[in-house]
Amino acid sequence: MNDLLLDRLNKPINNNRSAFIHEVEASLATTVGVIRKENEDRAIVTRFYSSKLDAFLYCYILSDGMGGMASGGLAATLTITEFLVTITEKIEDGFGIEQAIKTAVHSANEKVINRLNYKGGATLSAIITYKPNEIFYINVGDSRIYECTSDNSIFQITEDDDIKNLIKKLEGIEVNSLIAQRNGLTKFIGMEGELDINVEIYSGTSDFFITSDGISNIGSTNLIRLYAGMSSSNDFVQRCIHLANWFGGIDNSTAIYISTSKLTYEKSDSLIIKDVIEIWDFQGYSVFPLSLLKAENKDSISKTKKSKSKSKTIEKEKEKEKELNFDNKNQKKQNDLFITSPVTLIEKYELTKASDLIKDSHPDKKEKKSNKTKTNIFKDISNSKNNEN
């Protein structure tokens, strides 16, 4: 699932795109903007029926790759993928929602660090819900989450993790124009040092709006006016990205609007697609078996154990080699023996396991069968024009 989802999300959307997704009551929109050449924002909406919770669990996730760092788009892709995979796994393992979210955030942070070595970073904003009137949300960086009330009010419920807000909390220091211009993030996914996070819980019937910082450029007054005059959620998100472009389009802009009060949480045989996670993004709709996620986790644990075993074997072989005092002829025989030692056999086994080779002696048949498996697992409907309408 990880590799397939990574490949899917890492394809940037470098034009304007929007969609309304009835199944998850969400409207999405994105634009590359006017200045940037590539869209490094990523957004995804998911749903799966949790046997542990006995309810549908919905996740709405947005990540903004940091343009000032290398591989911002890849950092955002890694952030969303690792967060989604981890939170799904932990919830099905019996974790509480709050603990699962915290674990998923830290796992995403480690993933980005290990893959990009502090050369890439991203924001993370997510809303998770599995029962009426209870919303869990997390925000890292300067993407934002807004509450949208029934009386046409919209206001930010998260705080930007940036230098401006940090300075505002310090007495005797003013935020001047130079500080505002050179503003940077104090927290993001992929940062060095400890990542301190808080999971917030909301109780109520409001809708929610998640945005990357490109939409922040239109200003709170204009955002309030757009929301008050909207005819539909899809109309609202489209107008937000267009106005961001009319204001110069200096950054990528992405938005997710969620009507949580309209969601279906309870079990319904007509709605449940068992043992799968459904995913919607700007590429369309896809379905992943949860069993694939579990299999990947088992393989990962197995590889870790084998790696430790391999390291111990290598150390033992090196110790033996140092202790042995053969003459040149006997030393050559010992070297030949070392080449065919269990270490090499373990390495070969790992390579076979990692590539998921099918037991078949004919290479062409292997490739054919492997491709067929991918097609069945990764059901992709890339044309989302029906959703847009």
Side-chain angles (χ1 to χ4, degrees), residues 1-6 8-9 21 23-24 26 42-64 75-115 122-131 134-141 143 145 158 187-190 195-202 208 210 256 258 260 263 265 273-281 286-298 300-301:
M1 176 174 168
N2 295 38
D3 291 340
L4 293 174
L5 192 53
L6 276 169
R8 180 184 180 85
L9 285 176
I21 307 161
E23 292 87 344
V24 287
R42 303 289 185 265
I44 195 171
V45 177
T46 74
R47 174 180 74 172
F48 77 96
Y49 192 82
S50 169
S51 56
K52 295 290 182 181
L53 301 173
D54 193 27
F56 279 112
L57 185 129
Y58 297 87
C59 295
Y60 306 85
I61 314 167
L62 185 149
S63 181
D64 178 358
T77 298
L78 290 167
T79 296
I80 285 187
T81 302
E82 188 64 23
F83 180 84
L84 176 61
V85 168
T86 304
I87 196 171
T88 304
E89 172 201 347
K90 296 305 178 185
I91 286 172
E92 289 305 273
D93 284 346
F95 278 50
I97 300 293
E98 189 172 350
Q99 187 58 43
I101 293 172
K102 287 182 178 180
T103 304
V105 173
H106 287 298
S107 182
N109 190 50
E110 290 176 11
K111 186 75 172 183
V112 173
I113 290 171
N114 293 337
R115 180 73 178 270
T123 70
L124 172 63
S125 299
I127 286 178
I128 294 92
T129 180
Y130 73 98
K131 62 182 179 181
E134 185 170 272
I135 307 295
F136 295 82
Y137 64 91
I138 183 76
N139 193 73
V140 180
S143 296
I145 301 178
T158 57
K187 290 182 187 179
F188 58 90
I189 302 299
L195 180 60
D196 184 28
I197 57 170
N198 292 310
V199 177
E200 304 292 344
I201 304 174
Y202 169 88
F208 292 89
I210 309 175
I256 309 173
I258 311 126
T260 54
L263 290 173
Y265 297 94
I273 305 177
K274 293 184 178 180
D275 303 321
V276 301
I277 181 167
E278 298 176 90
I279 293 174
W280 293 264
D281 63 0
S286 57
V287 177
F288 291 93
L290 289 174
S291 59
L292 181 62
L293 173 63
K294 293 174 183 177
E296 283 180 348
N297 291 335
K298 286 179 181 178
S300 177
I301 293 169

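Ring geometry, Phe56 versus Tyr58: the interplanar angle falls from 30° to 60°, so the pair is classed tilted.
Looking at Glu23 and Arg47, their side chains come closer than 4.5 Å, going by heavy atoms from C-beta outward. In this structure, His106 and Ile197 have side chains that are in contact, with non-hydrogen atoms separated by less than 4.5 Å. Residues Ile97 and Ile201 fail the side-chain proximity criterion, which asks for heavy atoms closer than 4.5 Å. The side-chain heavy atoms of Thr46 and Thr88, taken from C-beta on, include no pair separated by under 4.5 Å. With contacts defined as side-chain heavy-atom distances shorter than 4.5 Å, the pair Val276/Phe48 does not qualify.
Rounding to the nearest 0.5 angstrom, the gap separating the CZ atom in Phe188 from the OG1 atom in Thr123 is 11.0 Å. Rounding to the nearest 0.5 Å places CD1 of Ile127 at 8.5 Å from CD1 of Ile256. Note: Ile61 CD1 to Ile279 CD1 = 8.5 Å, rounded to the nearest 0.5 Å. With rounding to the nearest 0.5 Å, the separation of CD in Glu98 from CD in Glu200 is 9.0 Å. Atoms CD1 and CG, on Ile101 and Leu124 in that order, are 10.0 Å from each other to the nearest 0.5 Å. Atom NZ of Lys187 sits about 4.5 Å away from atom CG of Asp196, to the nearest 0.5 Å.
Side chains of Asp275 and Tyr49: no donor on one and acceptor on the other come within 3.5 Å. Looking at Glu134 and Thr129, their side chains never bring a donor and an acceptor atom within 3.5 Å of each other.
Here the shortest heavy-atom pairing between Asn139 and Gly141 reads ND2-O, 3.5 Å. In plain terms, the two heavy atoms of Ala104 and Thr86 that are nearest each other are CA-CG2, 3.7 Å. The minimum heavy-atom distance between Asn198 and Ile138, with the atom names listed, is O-CD1, 3.1 Å. Taking every heavy atom of both residues into account, Ser143 and Asp64 meet most closely at OG-CB, 3.8 Å. Taking all atoms of both residues into account, the shortest heavy-atom contact from Ile91 to Ser50 is CG2-OG, 3.9 Å.
Although no hydrogens or angles enter the test, the distance criterion places no donor-acceptor pair under 3.5 Å between the side chain of Arg42 and the main chain of Ile80. Ser107 places no side-chain N or O within 3.5 Å of a backbone atom of Thr103 that could act as its donor or acceptor partner. Put simply, the side chain of Asn109 never gets that close to the backbone of Ile189: no donor and acceptor are under 3.5 Å apart.
The ring pair (Phe, Tyr, Trp, His ring centres under 6.0 Å) check on Tyr202 picks up Phe208, with sequence neighbours excluded.
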Q.
Please determine whether side chain to side chain contact (heavy atoms under 4.5 Å, CB included) holds for the pair Tyr137 and Ile210, giving the CA-CA distance in whole Å, both sets of side-chain angles, and the decisive distance to 0.1 Å.
A. CA-CA 10 Å; Tyr137 64 91; Ile210 309 175; over 6 Å; no
**Q.** Derivation of the side chain to side chain contact (heavy atoms under 4.5 Å, CB included) call for Val140 and Thr79
**A.** CA-CA 11 Å; Val140 180; Thr79 296; over 6 Å; no
